[in-house]
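Report on the following structure.
Along the sequence shown, residues are numbered consecutively beginning with 1. Note that these values count all heavy atoms, side chains included, but never hydrogens, waters or copies made by symmetry.
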Amino acid sequence: MSSGSRTLVSPLTLARPRGKALYWTVFTAVVLLFALAFLFPVYWMVTGAMKSPDEVTRTPPTLVPQAWHLSGYTDAWDLMDLPTHLWNTVVQAAGAWLLQLVFCTAAAYALSKLKPAFGKVILGGILATLMVPAQALVVPKYLTVADLPLIHTSLLNDPLGIWLPAVANAFNLYLLKRFFDQIPSDVLEAAEIDGAGRLRTLWSIVLPMSRPVLGVVSIFALVAVWQDFLWPLMVFSDTDKQPISVALVQLSQNIQLTVLIAAMVIASIPMVLMFLVFQRHIIAGISAGSTKG
């Protein structure tokens with residue numbers, strides 16, 4: 001007797017016209033409910049910026065603006081100097097992403113394939129940092145960045161104050177190491193027989209095979225810097241160098257609510273576009289972590 005997978009509705013019932021109609025009705029209703037739950041907040045923000053200041057605070061609220069105003073977006077772009085702060089965020093996020101990808105990949109490759117002395121002890125120490133609350137590290141990080149040891153240089157109001165602390169990401173390092181562990185040793189041995197060195201093997205063999213997990217790590221690295229607030233607030237006292245997450249709070253004191261909502265919509269567009277572009281890589285990276293090579 002063959003054992004098959006059990007479902008709530010039997011295949012025989014689904015084969016009938018009534019069963020198919022009921023299945024697709026329930027499936028469509030569930031998809032529409034989930035889509036509404038996720039898209040309605042986005043719609044509320046986008047349309048809220050197009051309402052008048054009186055209408056956006058009206059009770060009960062209006063679902064559709066009585067009059068569509070685009071001035072909220074233009075005022076947010078000009079009054080809050082969004083191009084400058086968006087560029088600051090791009091620079092900080094791109095630098096943190098690049099350095100994190102280089103150093104975390106190199107460290108993960110060394111721990112996974114080069115088998116250094118005390119490698120397990122080093123990995124255990126790295127993973128132990130995940131149990132330390134991020135808030136507990138804020139003061140030591142600030143003191144280090146304010147007066148860099150040995151060279152006694154301050155990295156305040158400098159993108160390096162964001163880049164260097166972001167490099168030490170234990171979670172992404174462990175994610176990369178787990179993926180490298182699944183790469184068959186036969187592939188690396190074949191490259192070594194062909195005369196490829198360690199660095200050549202990493203560049204030509206390991207990295208092309210690791211595109212899914214590199215995509216996931218890239219998303220995590222970029223989103224972490226883009227949405228961070230407390231650390232950039234402490235590093236950047238100069239308003240002209242602050243990222244968008246800090247500038248929205250610092251410049252929102254005398255700004256109309258519709259303008260602030262418009263600025264929040266504009267600030268979220270890059271992350272939404274990045275997810276839409278790289279969603280295939282995210283799904284591939286998540287599934288790659290659950291399979292063995």
Inset, instruction - May I have the step-by-step check of side chain to side chain contact (heavy atoms under 4.5 Å, CB included) for R58 and Q66, ending in yes or no? - result: CA-CA 12 Å; R58 184 179 304 173; Q66 295 179 347; 2.9 Å; yes
Legend entry - Atom pair CZ/CE of F180 and M209 - distance to nearest 0.5 Å: 10.5 Å
Inset, instruction - Treat each ILVMFWY residue as a node, draw an edge where side-chain heavy atoms are under 4.5 Å apart, and state whether L137 and Y174 are in one component. - result: no
Inset, instruction - Assess the side chains of Q242 and N88: does a donor N or O sit below 3.5 Å from an acceptor N or O? - result: no
Legend entry - Side chain proximity check, L207 to L202, heavy atoms < 4.5 angstrom: yes
Legend entry - Residue pair A96 / W163: nearest heavy atoms and the distance that separates them: N-CD1, 3.3 Å
Legend entry - Stepwise side chain to side chain contact (heavy atoms under 4.5 Å, CB included) check, L188 with E192: CA-CA 6 Å; L188 304 183; E192 186 177 355; over 6 Å; no
Legend entry - Main-chain N/O of P159 paired to K241 side chain as donor or acceptor, under 3.5 Å: no
Legend entry - Side-chain donor or acceptor of T47 paired with backbone N/O of V64 under 3.5 Å: no
Inset, instruction - With rounding to the nearest 0.5 Å, note down the distance linking CE in M264 to CG in L260. - result: 6.0 Å
Inset, instruction - Determine whether P116 and L111 make a side-chain contact, defined as any pair of heavy atoms from C-beta on separated by less than 4.5 Å. - result: yes
Inset, instruction - Count the heavy atoms of every other residue, nucleotide or ligand shown that sit under 6.0 Å from CD of E55, and state whether that count exceeds 12. - result: yes
Legend entry - CG-CG distance between D158 and D238, expressed to the nearest 0.5 angstrom: 11.5 Å
Inset, instruction - With sequence neighbours excluded, tell me which residues meet ring-ring contact (aromatic ring centres under 6.0 Å, His included) with W87. - result: none
Legend entry - Minimal non-hydrogen separation, V167 against F103, with atom names: CG1-CB, 3.7 Å
Inset, instruction - Please answer: with hydrophobic residues joined when any side-chain heavy atoms are less than 4.5 Å apart, are L70 and L82 in the same cluster? - result: yes
Legend entry - Spatial distance of atom CG (L127) from atom NZ (K120) [nearest 0.5 Å]: 13.0 Å
Legend entry - Candidate pair K51 and T62, rule side chain to side chain contact (heavy atoms under 4.5 Å, CB included), full reasoning: CA-CA 9 Å; K51 298 178 181 178; T62 56; 3.5 Å; yes
Legend entry - Any side-chain heavy-atom pair of L214 and L176 under 4.5 Å: yes
Inset, instruction - May I ask whether L39 and L273 are part of the same hydrophobic cluster, defined by side-chain heavy atoms of I, L, V, M, F, W, Y residues being less than 4.5 angstrom apart, directly or through others? - result: no
Inset, instruction - Quick one: list whatever passes ring-ring contact (aromatic ring centres under 6.0 Å, His included) with W44, sequence neighbours left out. - result: F40
Legend entry - Fellow cluster residues of L22, listed by chain then number, with links counted only when side-chain atoms sit under 4.5 Å apart: V26, V30, F34, F38
Inset, instruction - Salt-bridge test for D181 and K177: reply yes if a basic N is under 4.0 Å from a carboxylate O, no otherwise. - result: yes
Inset, instruction - Please tell me if the side chains of S245 and W226 come closer than 4.5 Å, counting only heavy atoms from C-beta onward. - result: no
Legend entry - Nearest heavy atoms of A263 and A76, plus distance in Å: N-CB, 3.8 Å
Inset, instruction - Step through the shown structure and confirm whether more than 12 heavy atoms of other residues, nucleotides or ligands are within 6.0 Å of CE on M271. - result: yes
Legend entry - W97 and V225, any side-chain heavy atoms less than 4.5 Å apart: no
Inset, instruction - Flag the pair T258 / H69 as yes when at least one side-chain heavy-atom distance between them is below 4.5 Å, and no otherwise. - result: no
Legend entry - Atom CZ of R200: over 12 foreign heavy atoms under 6.0 Å: no
Legend entry - Polar side-chain atom of Y43 near backbone of L63 as donor-acceptor pair, under 3.5 Å: yes
Only distances under 3.5 Å count here; give the side-chain donor-acceptor pairs of residues 140-151 to other protein atoms, sequence neighbours excluded, each with its distance to 0.1 Å.
| from | atom 1 | to | atom 2 | distance (Å) |
| --- | --- | --- | --- | --- |
| T144 | OG1 | P140 | O | 2.8 |
| D147 | OD1 | H152 | ND1 | 3.3 |

Legend entry - Check: A262 main-chain N/O paired with W77 side-chain donor or acceptor under 3.5 Å: no
Legend entry - Donor-acceptor contact present, side-chain S204 to main-chain T201, <3.5 Å: no
Inset, instruction - Answer yes or no: is there a side-chain heavy-atom contact under 4.5 Å between I162 and F236? - result: yes
Legend entry - Exercise: identify the closest heavy-atom pair between V235 and L155: CG1-O, 4.1 Å
Legend entry - Nearest-0.5 Å distance, CD of residue Q100 to CG of residue L173: 9.5 Å
Legend entry - Within-4.5 Å side-chain heavy-atom neighbours: Y109 and S112: no
Inset, instruction - Measure across Y73 and M45 and return the closest heavy-atom pair with its distance rounded to 0.1 Å. - result: OH-O, 4.3 Å
Legend entry - Common cluster, V42/W68, ILVMFWY with side-chain heavy-atom separation under 4.5 Å: yes
Inset, instruction - For A170 and T129, work out which heavy atoms get closest and say how close. - result: CB-OG1, 3.5 Å
Legend entry - Donor-acceptor contact present, side-chain K113 to main-chain V206, <3.5 Å: no
Inset, instruction - Can you label the angle between the F171 ring and the F220 ring as parallel, tilted or perpendicular, going by 30° and 60°? - result: tilted
Legend entry - Co-members of F118 in a cluster of I, L, V, M, F, W and Y side chains, linked at under 4.5 Å: V121
Inset, instruction - Give a yes or no on whether the backbone of V102 and the side-chain of T105 come within a donor-acceptor separation of less than 3.5 Å. - result: no
Inset, instruction - Using atom types as modelled and distance alone, determine if a side-chain donor or acceptor of W231 lies under 3.5 Å from a backbone N or O of V138. - result: no
Inset, instruction - Apply side-chain hydrogen bond (donor to acceptor under 3.5 Å, both in side chains) to the pair S237 and N157, showing each step before the final yes or no. - result: CA-CA 7 Å; S237 58; N157 289 315; 3.2 Å; yes
Legend entry - Transitive ILVMFWY cluster of F229, excluding itself - 4.5 Å side-chain cut-off: L233, V246, V249
Legend entry - Rounded distance (nearest 0.5 Å) linking atom CG of D81 with atom OG1 of T239: 10.5 Å
